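We name chains A, B, ... by the order of the sequence lines, and we start the count at 1 in each one. This is a predicted model, so every value here is computed, not measured.
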Protein chains: 2
Amino acid sequence: MTRATAAIPAIKSSPGGGRRGMKPSVVAYKRERILAAASALIHAKGYEAATLDMVAEQLHVTKPFLYTYFRNKGDILAAICEVGVTESLSALDRVAQVPGTSFDRLRAALVEVADIIVHRHEYVVVYQREMMNLDRANAQRLIRLRHEFDLRIGKLIEACVEEGLIALPDAASMSVWIGGLLSWITYIYRPGGRRNREAVIQEVVGASLRMLGLDADGRLLVPQQRD
Amino acid sequence: MTRATAAIPAIKSSPGGGRRGMKPSVVAYKRERILAAASALIHAKGYEAATLDMVAEQLHVTKPFLYTYFRNKGDILAAICEVGVTESLSALDRVAQVPGTSFDRLRAALVEVADIIVHRHEYVVVYQREMMNLDRANAQRLIRLRHEFDLRIGKLIEACVEEGLIALPDAASMSVWIGGLLSWITYIYRPGGRRNREAVIQEVVGASLRMLGLDADGRLLVPQQRD
DNA sequence: GTGATAGGCTACTCTTGAGTAGTTTTTATC
DNA sequence: GATAAAAACTACTCAAGAGTAGCCTATCAC
């Protein structure tokens, strides 16, 4: 891991480096590097076509090296798949602290998650496409996490309904469709593509809110009076 | 192909059976059977994990049999991937004949395509997940078809805008998000799942129209006046 | 019944990639 | 600078599956 090792000093100043030994954070760093390389490769070629030898080569390392940081290929995939959902869930934790109305929190949640999906593009695509290659245990865990995410979006919506900010009947069931719209970002936005990152986020947030019968500022949308 | 052969008589009465030899339609039928089996397997296990030996076994046939109807595994995948888009495009052709306003045609298109996605569930999932395993030529063809689909949905939207039925600025660019919502059906609806087929279609059509600023009957949605 | 042919099968080859056993190099410590 | 331990590498094994060469058999024309 010639190059990775050379890059390690950057971590010295990172938090969590206790006075005695920075081993844990170095290990975490190496794992992250492996995941980034694997994720890029799997994103480009697909799970089966992306071999561990290729991952190793990209890092200027050898295959057995990878096996000291992950038990097997499946565990690498699982770790990649977790990133998006995990980060989204902690974003929801953060958002819960946002002051204002439930609408403010809902919109903040949408923006935050859209942002994560845009930033973690490759990880999310791999999650969507390759989840099924996970072994039973990892798959279950991922499904639970995803379910929790939908549930919490649903709760944010319900809070809006209770405050009278949303009028749509059965609005909470829209959470899965909002999840779909958010996931679809990966098909619309590609890093280096012609679409603008912020514009995509704004579009998806606006579309999600309209699905809930709200405009971008949280005003209720109602059928226009015929004249 | 013991079982398939036994089932062939059903085809005798099918259209296209010229007076001399029903060979072409028999071949088409066998190809379809192969695709159905392969699609189910790939849907369940993923492209790489689904082996041709398994496909053959499911049909009570052997692997070389498959090779007389398809050049290789990739061609089978390509044929599966095409189904959803191709059928959707011909649905759009049909819909163009629908009398009434542009809104009627747009809604009809959404319903038809949603219906296809629900019916061809497995094919569509495979398309979404495994497209990247296609060789360059097949991939290009598929992308073009998909692009055409988005374009034509965009045109249906534009027609509504021109007739003054939609007020949303840049409404045509919503076509990709509608495509996303339609694709998401595959995550929401599973044959045999607890969700009702018609309800799902209604939900997705309603959500799509709300994204365009319309209610289910095509009435414009406008911000409610503050009191 | 005999011969020709399409349709299908048996029994391979050959490649590729996951995972590992055992060895070498680097680093840290005295 | 000797020594121990950690980190990484070399050089495999082993399994699995895509694709194929060549054989077998049912069917049909005559």
* d(CG, B:Asn72; P, C:dT15) in whole Å -> 18 Å

* Asked: Between B:Phe65 (CZ) and C:dG8 (C1'), how many Å, whole number?
  -> 8 Å

* Start with the C-alpha gap between A:His119 and A:Arg197, add the side-chain angles, then the distance that decides, and say whether side-chain hydrogen bond (donor to acceptor under 3.5 Å, both in side chains) holds. => CA-CA 9 Å; A:His119 275 91; A:Arg197 180 179 286 199; 3.0 Å; yes

* Among D:dT10, C:dG19, C:dC9, which is the nearest nucleotide to the side chain of B:Val61? -> C:dC9

* Asked: How close or far is atom C1' of C:dC12 from atom CG of B:Asp53, stated in whole angstroms?
  -> 13 Å

* To do: Write down the distance between CD (B:Glu48) and C1' (C:dT16), rounded to a whole number of angstrom.
  => 11 Å

* Establish, yes or no, whether the cationic atom of A:Arg31 lies under 6.0 Å from the six-membered ring centre of A:Phe70 and within 45° of the ring axis. => yes

* To do: Specify the separation, in whole Å, of atom CG of B:Leu66 and atom P of C:dG7.
  => 15 Å

* Structure fact -> Residue pair A:Arg71/A:Met54 against DNA chain C: nearer the 5' end by closest nucleotide is A:Met54

* Asked: Can you find a pair of side-chain heavy atoms, one from B:Arg195 and one from B:Glu203, that are under 4.5 Å apart?
  -> yes

* Asked: Taking atom P of C:dG7 as reference, at what distance in whole Å does atom CZ of B:Phe70 sit?
  -> 15 Å

* Does the cation-pi check pass for B:Lys73 over B:Tyr47, that is, NZ or CZ under 6.0 Å from the six-membered ring centre and within 45° of its axis? -> yes

* Of the candidate nucleotides D:dG19, C:dG19, D:dC9, which contains the atom at the shortest distance from the side chain of B:Lys63? -> D:dG19

* Do any side-chain nitrogens or oxygens of B:Lys30 fall under 4.0 Å of OP1 or OP2 in C:dG8? -> yes

* To do: Starting from the 5' end of DNA chain C, give me the residue, A:Ala49 or A:Pro64, whose nearest nucleotide shows up first.
  => A:Ala49

* Asked: Would one find a side-chain N or O of A:Thr51 under 4.0 angstrom from OP1 or OP2 of C:dG17?
  -> no

* Looking only at side-chain atoms of A:Leu52, point me to the closest of C:dA18, D:dC9, D:dG19. => C:dA18

* Given atom OH of A:Tyr67 and atom P of D:dT10, what is their separation to the nearest angstrom? -> 17 Å

* How are the rings of B:Tyr69 and B:Phe65 set relative to one another: parallel (under 30°), tilted (30 to 60°) or perpendicular (over 60°)? -> tilted

* Structure fact -> Here the distance between atom P of D:dA18 and atom OH of B:Tyr47, to the nearest Å, is 8 Å

* C:dG8 OP1/OP2 closer than 4.0 Å to side-chain N/O of B:Tyr69 -> yes

